[in-house]
Amino acid sequence: MSVKYCLIRQASPGVKGGGAYKYYARACDREKVSLNQVADMLASRSTLSRADIIANLVGLVDLIPQLLLDNRTVELGELGTFSLNLKSHALDEPRTDDFRLIKSANISFRPSPYLKDAVKFPEYSKSARSAY
């Protein structure tokens with residue numbers, strides 16, 4: 001297992017006219033893994049059937065938004081924590097209709113320390129499609 005990367009050329013952010021160009025490593029050549037593929041992988045590692053795993057994952061996808069909208073934070077052990085964050089406009093003084101300040105609600109995910117440690121020291125390999 002290795003993380004593939006490409007070098008990209010990018011102008012310095014915040015500098016008028018772009019400033020000097022620098023090269024940055026970015027992850028690339030990633031492949032998506034579908035729910036069915038994850039279910040197959042998990043089924044081969046457990047006594048649960050593929051159908052049982054899919055049913056539980058779909059149930060979890062349905063349940064998490066309901067819990068977040070019920071003002072709860074969802075902690076899934078070694079996986080991490082889901083929570084709802086609000087973006088809003090600023091006010092100089094409080095108002096009675098202050099809920100109108102809210103622009104959007106977004107789901108935030110914080111990986112657990114276990115998950116962070118699991119990907120802390122990956123091996124890297126340069127992608128064949130890297131131009132530099």
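Computed from heavy atoms alone, side chains included, the values below leave out hydrogens, waters and symmetry copies. Position 1 is the first residue of the sequence; numbering continues from there. Since the structure is predicted, the reported quantities are computational estimates derived from the model, not experimental observations.
- Expressed to the nearest 0.5 Å, how far CG of Asn106 lies from CG of Leu86 amounts to 8.5 Å.
- Cluster annotation: Val74 and Leu115 are assigned to the same hydrophobic cluster (Ile/Leu/Val/Met/Phe/Trp/Tyr, side-chain heavy-atom contacts under 4.5 Å, transitive).
- Heavy-atom contacts from other residues, nucleotides or ligands closer than 6.0 Å to CG of Asn71 number 12 or fewer.
- Connection of Phe82 to Leu57 is not established within any shared hydrophobic cluster, with ILVMFWY side chains joined at heavy-atom distances below 4.5 Å, either directly or through further cluster members.
- Between atom CG of residue Leu101 and atom CG of residue Leu91 there is a gap of 4.0 Å, rounded to the nearest 0.5 Å.
- Between atom CG of residue Asn36 and atom CD1 of residue Ile54 there is a gap of 4.5 Å, rounded to the nearest 0.5 Å.
- The heavy-atom pair separating Asn85 from Ser108 by the smallest distance is ND2-CB, 2.9 Å.
- Atom OG1 of residue Thr81 and atom CZ of residue Arg110 lie 5.5 Å apart, to the nearest 0.5 angstrom.
- The SG atom of Cys28 sits 8.0 Å away from atom NZ of Lys4, with the distance rounded to the nearest 0.5 Å.
- Taken together through direct or relayed side-chain contacts under 4.5 Å among Ile, Leu, Val, Met, Phe, Trp and Tyr, Val33 and Phe109 form parts of separate hydrophobic clusters.
- Put simply, the side chain of Leu76 reaches to within 4.5 Å of the side chain of Ile64, judged on heavy atoms.
- Contacts classified as ring pair (Phe, Tyr, Trp, His ring centres under 6.0 Å) and involving residues 4-53 (residues at least two apart or in different chains) are given here: Tyr23-Tyr132.
- Counting heavy-atom neighbours within 6.0 Å of Lys126 NZ, excluding the residue itself, gives a total above 12.
- Residues Leu48 and Leu42 are not in side-chain contact: their nearest non-hydrogen atoms beyond the backbone lie 4.5 Å or more apart.
- Not a single donor-acceptor pair under 3.5 Å links the side chain of Asp70 to the backbone N or O of Gln66.
- When all heavy atoms are compared, the tightest approach of Ser130 to Leu7 is OG-N, 3.1 Å.
- At a threshold of 4.5 Å between side-chain heavy atoms, the hydrophobic network of Ile, Leu, Val, Met, Phe, Trp and Tyr places Leu79 and Leu84 in one connected group.
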- Does the side chain to side chain contact (heavy atoms under 4.5 Å, CB included) test come out yes or no for Arg26 and Cys6, once each step is laid out? CA-CA 5 Å; Arg26 296 287 187 257; Cys6 295; 5.5 Å; no
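- Annotation: Lys103, atom NZ; neighbour count of heavy atoms from other residues, nucleotides and ligands within 6.0 Å is above 12.
- The cluster map of Ile, Leu, Val, Met, Phe, Trp and Tyr, joined by side-chain heavy atoms under 4.5 Å apart, puts Val58 and Leu63 in different clusters.
- Here CE of Met41 is found 11.5 Å from CD1 of Ile53. Values are rounded to the nearest 0.5 Å.
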